[in-house]
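Each remark here refers to the structure printed beneath this line.
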Amino acid sequence: MADLPLDAQRRLRSATAVRGGWGRYPRATMSAWRPESPEDAAALLLRADGPLLPVGGLRSYGDQALLTGGGAIRMLRLNRFLALDTATPAVECEAGVTFGELLEVLAPHGLSVPVSPGTRFVTLGGAIANDVHGKNHDRFGAVGAHLDWIDLLLVSGEVRRLTPSGTPELFAATLGGCGLTGLILRARLRLQRTSQAVEVRYSRHDNLEALMAALVEARNAASYSVAWLDAVAAGARLGRGVLETAEPAADTDGPRASDRWLALPFDLPGGLLNRWTVGAFNALYYRRIPVGGRTRRLPLARFLYPLDAIGGWNRLYGRAGFHQFQCVLPEATAPTGLARILERVTASGRASFLAVLKTLGAEGAGHLSFPRPGFTLALDIPRRPGSLELLAALERLTLEHEGRVYLAKDSALSAESVPVMYPRLPAFRRVLAEVDPEARLQSDMARRLGLRGGG
Amino acid sequence: MRPVWIVLGATSPLARAFAIEAGRAGAALLLVARDAERLAPVAADAAIRTGAEVDTLVADFAEPAGLAALATTCWDRAGALGDGPVCLFAAAGTMPDQAQIDAQPELVRRVFAVNAVSLAELLQRLAPRFEAQRGGRIVVVGSVAAERGRPSNYVYGASKAALQTYLQGLRGRLFPAGVGLTTVVPGFLDTAMTYGLPGTFLVAAPETAARRIWRAAARGREVVYVPWFWRWIMLVIRLIPEPLFKRLKL
């Protein structure tokens, strides 16, 4: 095997570039490696200098997948399906498999993932590292509730199989752990037997109170529920929006979703999205639903991933990029808290496209899992002068109402808020101190928020 | 009739993507690679993604001693997988940096052995079987580097040139027997071979390249460039007169 060292060296080549998250702010100059196998990834951990960070589909919005001066380990090429058990049913695959690939492979078997994030470009590894939830959290919980095991490559080079009962601490730290405990190599995900099409019911509700009441009703009655909220409407119409609920369609072979719908190949000029254009768009989106509501049948993928209809939609906000703010507020404080947050957003005049409002069910199993019972609101904030002040105000309002901000989306949280929002942070830090005492794995987010602790 | 594709070097991203194309089209697959640990997940993946019947064979076909046995084993195992014609895809190769070859001249031998000699011998051993079968198709991956020797990559390029010239002759030999042979001439593919390499541009995803190769092979094309525009880039590069070419830093 005279050429083995050469091959190994070749696989360890990295590419340096300025990179950003999905929100395109902040940015970082960093290198990136792209191993083609778990063995390459292990070799990389042993041989590369400086801090490293495993990254997946790069769909987190802020700096979770960035590491200034360090090296990302891009996991996308570790995307092999390893076993499909149609009886249980469950799938074993490498962490770089995306939800789009999962849906495509599972559909012919009448199977699907029990929980899916809002874009099909998220990898399974990224979904685990953020313990993602979908539009059915009340019934199904987050992705972590459906994992039999996770294979984690530690910085020591050791591969450990994590299970909720066998390795509770390391499992809980890895689930939602932002990639900081090690490289998620493989996992076994339990599946759901389901129709590949859904019947979606749309109804419009003309203020926040009505929309929240409709969501509460839907959380117990519907398989999926999500509300699109007009974050520009103010006054009596504050929080008006469209509720979508969905049920699996009765006959299983639904219409097939096309691979690609549209793509935005360039950045829109920064000022194009302003309170008038976005306000008009939001009003149209609201009014296209008749007062009495309507029903439509959609392919499952199209329902789960509405934003994927426009490839590269993040370029809508221009070169400056945007922040996404997502918080969850407990049931008790949500009515006033959400109203105050929306008032603050509308008063700022910072146009946000449709905001998303959902209910969440049980507390997540990870130390840094985002979900907890309550309401979660997500909105885009274009990056302009003053947007950081707005985000700081939203952070304060979230704290006042005992809520928490979603790390997968965040680009602006302050380090002081994290231990308050995530009370299990000390337990997370204890695990990191044990498995990665030299802090080989880092991220700009971990640095900004002091996730590792100890300064 | 279910055809069977033997895929050599199946753990490479292009070969893996090609195997998935073939599987989706209803072929059975015999995946051959030298590293069992890397091959197993690739085989499981191809079976799950395509529903194809997949068999694996661990072999280092750079080892000259085992080639006769390898040819026999490959052919017999493939024949057992389906009732249609046996076809072959080969994407094995090594591309050390030219600087490394300059430092270790003995690597010249290694590069030619892997990229040209072993593959040619294996094809030579399989040729009578293909002729007897009176059908099937062979798809072999060469390189744009074969078409003009450049200081930055000439040992690799020369090994691929040897392979491509061999394939031209083999194509003519197999033609009367109804066996098609497609030479794939890739430009930059987005694999570990090019990742992070300075000077690469317009790299093609292996999946895109594999789809194009699959279609070209199905249409019986003799030579296919991937991505397509490399045909024209290479036309221009071939036309540059040698007195000028030697002065270019390519």
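Worth saying up front: this structure is predicted, and the values here are computed from it rather than measured.
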A:Arg74 versus chain B, the contacting section by heavy-atom distance below 4.5 Å: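 When you check distances to chain B, only side chain atoms of A:Arg74 fall under 4.5 Å.
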Between A:Ala32 and chain B, with a heavy-atom cut-off of 4.5 Å, which part of the residue counts as in contact: side chain, backbone, both or neither?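 For A:Ala32, heavy atoms of backbone and side chain both lie under 4.5 Å from chain B.
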Sort B:Val111 into side chain, backbone, both or neither according to what part of it lies under 4.5 angstrom from a heavy atom of chain A.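 When you check distances to chain A, no heavy atom of B:Val111 falls under 4.5 Å.
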Is it the case that over 12 heavy atoms from other parts of the model lie below 6.0 angstrom from the CG atom of A:Asp49? no
With a 6.0 Å cut-off (strictly less than), is the heavy-atom count around CZ of A:Arg193, excluding the residue itself, greater than 12?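 Enclosed.
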Distance in Å, B:Arg38 CZ paired with A:Glu39 CD, rounded so as to fall on 0.5 Å steps: 5.0 Å
Close side-chain approach of B:Arg49 and A:Glu101, heavy atoms under 4.5 Å: yes
How close do A:Leu82 and B:Ile48 get, heavy atom to heavy atom, and via which atoms?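 A:Leu82 and B:Ile48 have their closest heavy atoms at C-CD1, 3.6 Å.
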What is the minimum heavy-atom distance between A:Arg80 and B:Pro41, and which atoms define it? CB-O, 3.8 Å
A:Arg77/B:Glu207 salt bridge by N-O under 4.0 Å criterion: no
